[in-house]
Amino acid sequence: MDEIKDLQKGITEILVAIGKIETEIKQLTNMAGKWDETDKRATEALQSTKAAHKRLDELSKQLDELENKFDEDKRQSKDDKKWIVGSLLGAAALIWNLIKGGVGR
């Protein structure tokens with residue numbers, strides 16, 4: 001009788017161990033599914049990040065072009081102002097000479 005009880009006890013321990021293994025297999029399967037979903041999301045995030053970097057690079061180039069154009073326009077504006085100031089000073093000097101009696105006196 002003791003042998004039968006020992007045999008039943010051993011069978012029970014084996015069944016409990018099998019139950020634990022089944023539980024762990026279910027958990028691993030669940031984790032594998034989560035891993036696949038995580039991998040999919042990580043791939044999508046990477047693709048989105050690459051696309052965003054590409055757009056940022058394009059915007060950076062456009063910004064650099066606008067900055068260069070702005071600097072060129074600013075230089076041109078300074079040159080135009082110098083020309084206008086020079087012309088006005090020359091005209092003022094000519095008018096002043098005419099008012100004072102001209103150059104030929």
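More than 12 heavy-atom neighbours from other residues, nucleotides or ligands sit within 6.0 angstrom of CD on Glu58.
Every residue was checked against the side-chain hydrogen bond (donor to acceptor under 3.5 Å, both in side chains) condition with Arg55, not counting sequence neighbours, and none meets it. For Ile11, the side chain to side chain contact (heavy atoms under 4.5 Å, CB included) partners are Leu7, Leu15, not counting sequence neighbours. Remark: Gln76 engages Asp80 in a side-chain hydrogen bond (donor to acceptor under 3.5 Å, both in side chains) (not counting sequence neighbours).
Taking CG of Leu56 as the reference point, atom NZ of Lys54 lies at 12.5 Å (rounded to 0.5 Å). One distance of note links CG of Asp57 with NE2 of His53; it measures 8.0 Å at 0.5 Å rounding.
For the salt bridge (Lys or Arg N to Asp or Glu O under 4.0 Å) condition, the pairs that include at least one residue of residues 66-77, sequence neighbours left out, are Lys69-Asp73, Glu72-Arg75.
Apart from Ile84 itself, the hydrophobic cluster it occupies contains Trp83, Leu88, where clustering links Ile, Leu, Val, Met, Phe, Trp and Tyr at side-chain heavy-atom distances under 4.5 Å.
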Atom pairs and distances, side-chain donor-acceptor, residues 20-37, under 3.5 Å, sequence neighbours left out:
from, atom 1, to, atom 2, distance (Å)
Thr23, OG1, Gly19, O, 2.9
Thr29, OG1, Ile25, O, 2.8
Glu37, OE2, Arg41, NE, 3.0

